[in-house]
Amino acid sequence: MFEVMIVDDMDIMIKQIKRLTLWSDETDFRIVAQASDGQEALEKLREHPVDLLITDIEMPVINGIELLKEVQERGLASCVVFLSVHSEFNFAKHAIQYGVFDYLIKPVVHDDLKQVLEKAKKHLLDKKKANEYVKTLEEQLVEKVDIYYPEAQLRSLLKQLDQGEKGALRGIEMMLDEVCEGVGHDRIKGALVLQKIYDEVFMSIQEAYPWLEKYITVEHYLENPSPQKAEFQVLKERFMEHVERLMDTLNRFVLRSERSALVREVCLFCIEHIENQISLGKIAEAFYLTKNYVGDLFKQETGITVGEHITFIKIERAKRLVEKDALKNYEIAHLLGFSDAEYFGKLFKKYTGMPPMVYRAMKKDER
């Protein structure tokens with residue numbers, strides 16, 4: 001059964017389409033969601049993509065063309081059908097250049113919709129068949145390139161990365177060069193091996209740093225390689241850039257010291273308890289040490305105080321919470337142990353350069 005979303009700022013239009021006797025086993029399409037504007041549609045589609053999106057063109061907030069572009073860029077719907085009145089008919093036809101699948105004239109009638117659904121069903125089935133064929137070919141090829149996968153070498157390098165050894169990144173780069181030589185610089189084979197390495201790195205990071213998703217979106221730091229995107233050398237360079245960026249981020253959270261493992265343990269304790277009332281006194285108590293000892297050692301080894309690092313972690317967590325738009329500013333402040341929401345706002349602005357509300361709006365625009 002194929003899933004459908006209908007988007008229109010006129011509720012009566014959505015009801016009229018839903019009343020048509022086509023949403024059943026007869027057509028293999030069913031309506032699973034609806035929205036009154038493009039913004040609401042995008043938010044729902046990010047949570048649950050659909051096979052077919054039927055959307056009005058003229059809508060508030062985000063119109064049909066803007067919605068179409070976002071949906072295509074993010075792969076949120078396989079087919080997009082525009083709803084238009086006769087006055088917008090030429091505009092709807094013109095929108096085909098943007099990749100719209102088809103269009104329907106308002107009010108939507110049974111036969112026109114049935115014709116579009118039949119056309120969409122054929123397209124979706126053909127696309128599914130093509131994807132399955134490509135997947136089969138890739139699986140067959142993966143079996144042939146497994147010999148080039150440096151499993152033992154990669155696990156050793158990942159362990160070095162986790163321990164903060166500076167040579168680990170260079171080791172990964174050299175390993176990838178060896179893979180490239182091994183597959184004879186073949187773009188497809190190289191990308192498939194890189195895909196397996198990507199999966200291993202991704203899983204290793206998630207296992208080693210389960211708290212990381214509270215602060216960043218790991219997928220934004222590691223790009224899933226694809227044989228269709230670029231030559232292996234380009235993919236390798238991009239992959240290395242992303243791994244370096246991710247490790248730099250991790251090293252900002254988990255400070256390291258060659259002379260004392262306590263620095264790392266204090267950082268991890270702060271990260272894991274950041275949504276509790278946390279202080280130097282509680283950290284010292286947890287490690288059965290004095291406040292002066294922990295504070296002096298941390299400052300000596302890192303150049304900053306424990307309190308400064310706690311504030312950094314709190315603001316990074318606050319950025320993630322503000323971006324999600326689920327909590328009010330005072331709720332975030334309370335959650336992170338700030339007794340004064342106004343002070344939290346000033347501190348947030350000091351670290352980010354903007355108040356929480358402006359930061360939230362900026363992140364929405366970036367989506």
Side-chain angles (χ1 to χ4, degrees), residues 1-136 325-326 364 367:
M1 189 73 73
F2 299 110
E3 297 185 332
V4 182
M5 173 187 279
I6 303 175
V7 188
D8 200 301
D9 58 336
M10 295 180 63
D11 187 55
I12 190 172
M13 187 58 61
I14 294 179
K15 288 180 179 178
Q16 186 261 324
I17 294 173
K18 290 172 73 174
R19 277 198 298 265
L20 295 173
T21 57
L22 286 164
W23 312 111
S24 63
D25 295 337
E26 178 187 348
T27 60
D28 287 328
F29 285 89
R30 66 187 181 97
I31 299 171
V32 296
Q34 65 184 61
S36 58
D37 60 59
Q39 181 64 49
E40 182 187 356
L42 275 179
E43 291 172 0
K44 289 184 176 181
L45 286 169
R46 289 189 189 109
E47 296 293 326
H48 188 102
V50 297
D51 300 298
L52 173 62
L53 175 66
I54 301 176
T55 177
D56 191 17
I57 297 176
E58 290 296 329
M59 296 183 294
V61 188
I62 293 179
N63 65 34
I65 293 290
E66 293 168 329
L67 177 59
L68 171 65
K69 290 178 181 177
E70 285 289 319
V71 164
Q72 287 192 325
E73 286 178 8
R74 300 173 185 272
L76 302 176
S78 299
C79 298
V80 178
V81 172
F82 274 164
L83 297 171
S84 68
V85 296
H86 282 287
S87 61
E88 299 169 334
F89 185 73
N90 289 330
F91 179 62
K93 289 185 68 175
H94 181 68
I96 290 176
Q97 68 179 297
Y98 295 107
V100 70
F101 181 74
D102 211 331
Y103 48 88
L104 289 163
I105 302 298
K106 294 181 180 181
V108 178
V109 297
H110 181 281
D111 289 348
D112 289 347
L113 179 57
K114 183 177 181 180
Q115 187 176 359
V116 168
L117 292 181
E118 288 173 349
K119 182 179 174 183
K121 180 178 179 179
K122 183 180 184 305
H123 172 78
L124 290 167
L125 289 174
D126 288 346
K127 186 176 181 180
K128 181 181 178 182
K129 193 177 295 184
N131 289 339
E132 288 175 349
Y133 178 67
V134 171
K135 185 178 179 182
T136 300
D325 199 21
K364 275 189 176 180
R367 291 174 191 166

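Numbering starts at 1 and runs along the sequence shown. Bear in mind that the values here come from a model prediction, so they are computed numbers and not experimental data.
With hydrogens and angles ignored, the 3.5 Å screen pairs a side-chain donor or acceptor of T27 with a backbone N or O of L22. When atom types are taken as modelled, the side chain of E66 and the backbone of I62 share no donor-acceptor pair closer than 3.5 angstrom. With E73 contributing its side chain and E70 its backbone, the two residues share no donor-acceptor pair below 3.5 Å.
In this structure, I14 and I6 approach most closely via the heavy-atom pair CG1-CG2, 4.0 Å. Across all non-hydrogen atoms, the minimal contact from Q39 to V61 is CB-CG1, 3.5 Å. Taking both residues in full, the closest heavy atoms of K106 and D56 are given as NZ-OD1, 3.0 Å, listed atom of the first, atom of the second, then distance. Heavy atoms only, all atoms of each residue included: D11 and Q34 are closest at OD1-NE2, 4.0 Å. Residues P60 and D37 approach most closely at O-CB, 3.5 Å, considering heavy atoms.
Applying the 6.0 Å contact sphere to CE of M10 captures no more than 12 heavy atoms from other residues, nucleotides or ligands.
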For residues 113-121, tabulate all N or O donor-acceptor pairs below 3.5 Å that involve a side-chain atom, not counting sequence neighbours.
from, atom 1, to, atom 2, distance (Å)
K119, NZ, D102, OD2, 3.2
K121, NZ, D28, OD2, 2.6

Which donor-acceptor pairs under 3.5 Å do the side chains of residues 75-82 make with protein atoms, sequence neighbours left out?
none

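Rounding to the nearest 0.5 Å gives a distance of 5.5 Å between CG of L124 and CZ of F29. Note that the CG atom of L67 and the CE atom of M59 stand 5.5 Å from one another [nearest 0.5 Å]. Between the CH2 atom of W23 and the CD1 atom of I17 there is a distance of 7.5 Å, given to the nearest 0.5 Å. Between the CG atom in D8 and the NZ atom in K15 there is a gap of 12.5 Å [rounded to 0.5 Å]. Atom CG in D51 sits 9.5 Å away from atom CZ in R30 (nearest 0.5 Å). One distance of note links CZ of R74 with CG of L45; it measures 11.0 Å at 0.5 Å rounding.
Counting heavy atoms from C-beta on, the side chains of L20 and Q16 come closer than 4.5 Å. Residues L125 and F2 form a side-chain contact, since some pair of their non-hydrogen atoms from C-beta on lies under 4.5 Å apart.
For K18, the salt bridge (Lys or Arg N to Asp or Glu O under 4.0 Å) test picks out no residue, with sequence neighbours left out.
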